[in-house]
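We count ligands from 1, going down the list as the structure has it; atoms in each ligand are counted the same way. Both backbone and side-chain heavy atoms feed into the values below; hydrogens, waters and symmetry mates do not.
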Amino acid sequence: MRVPLIAGNWKMNTTLREAVELTQKMLRDLDKIKNVDKVLCPPFISLAAIGELIKGTSIKLGAQNVYFEEKGAYTGEISPLMLADLCDFVIIGHSERRQYFNETGEIVNRKIIAALKVGLKPILCIGERLEENEAGRTEEIVTNQLNSSLTEISNITGLTIAYEPVWAIGTGRAATGRQANEAIGLIRHKISKLYGERVAQDLRILYGGSVTADNATEFMQQPEIDGALVGGASLKADQFVSIVRQTSELK
Ligand code: 13P
């Protein structure tokens with residue numbers, strides 16, 4: 001049985017003070033919800049403060065990015081070693097990083113290797129763009145992304161995958177539960193070919209893209225979907241708590 005996971009990707013939102021306030025608003029309610037892994041991914045500058053706030057609770061922390069080198073002259077970058085002290089999870093290969101910061105499959109691969117090496121749990125994001133979806137190329141795109149991201153990684157223990165179709169991110173145009181379930185089933189099948197059926201059945205695969213408290217149930221009812229990577233709605237305490245609660249009731 002896979003434990004569902006709901007992660008809030010705050011993206012480039014919240015000052016330190018706002019991040020603390022947002023965490024305080026949802027802390028008690030989130031902590032009480034059982035059978036779901038709850039992960040907050042605030043900006044880097046708030047990780048330490050939020051880490052203190054959630055100490056001793058069931059809530060976990062994640063970063064939104066990481067560099068692949070351990071240390072050295074890489075001005076402005078944050079290393080896996082620095083994060084390993086602060087958090088459990090790290091989002092890698094988000095489509096916004098691929099789009100705006102030119103992250104290639106090779107870079108994503110190096111980041112995953114570096115994260116796994118220090119015991120960080122990567123949340124690998126993959127998903128097709130609108131034109132690729134419309135051209136019926138979803139399977140080809142996610143297969144290529146999986147192959148390049150996981151090159152030379154023989155053990156994916158600790159990895160979570162998030163299927164985030166780019167056309168559904170921040171657009172209010174979510175995939176349907178069925179569409180997401182189908183794509184995630186396909187991803188699981190590819191993983192079974194790469195790592196075997198057992199590993200594929202144990203792997204958590206999330207859906208991301210315009211998930212809200214209003215459509216969460218539709219996704220969580222789907223058998224292949226093990227949770228969500230939530231953007232905009234994770235910045236609203238009541239919305240995020242509601243998504244986690246619905247997940248706990250349905251999974
Ligand atoms: P939205 O939930 O705002 O569409 O963002 C999804 C996402 O990119 C999560 O990583």
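For K55, the salt bridge (Lys or Arg N to Asp or Glu O under 4.0 Å) partners two or more places apart in sequence, or in a different chain, are E52. For K32, the side chain to side chain donor-acceptor pair (under 3.5 Å) test picks out no residue, with sequence neighbours left out. In this structure, the side chain to side chain donor-acceptor pair (under 3.5 Å) partners of E139, at least two apart in sequence or on a different chain, are K190.
The salt bridge (Lys or Arg N to Asp or Glu O under 4.0 Å) with D37 is formed by just one residue from the set K251, K60, R204; it is R204. Screening R97, R110, R98 for a salt bridge (Lys or Arg N to Asp or Glu O under 4.0 Å) with E103, the sole residue that qualifies is R97.
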List below, pair by pair, the N or O atoms of ligand 1 and of the protein that are less than 3.5 Å apart, including the distance to 0.1 Å; reply 'none' if no pair qualifies.
unit_1   : atom_1 : unit_2 : atom_2 : d
ligand 1 : 2 (O)  : S210   : N      : 3.4
ligand 1 : 2 (O)  : G231   : N      : 2.9
ligand 1 : 3 (O)  : G232   : N      : 2.8
ligand 1 : 4 (O)  : G170   : N      : 2.6
ligand 1 : 4 (O)  : S210   : N      : 2.7
ligand 1 : 5 (O)  : K11    : NZ     : 3.2
ligand 1 : 8 (O)  : K11    : NZ     : 2.8
ligand 1 : 8 (O)  : H94    : NE2    : 2.7
ligand 1 : 8 (O)  : E164   : OE1    : 3.4
ligand 1 : 10 (O) : N9     : ND2    : 3.0
ligand 1 : 10 (O) : H94    : NE2    : 2.9
ligand 1 : 10 (O) : E164   : OE1    : 3.2
ligand 1 : 10 (O) : E164   : OE2    : 2.9

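Using a 4.0 Å cut-off between charged nitrogen and carboxylate oxygen, E21 and R17 count as a salt-bridge pair.
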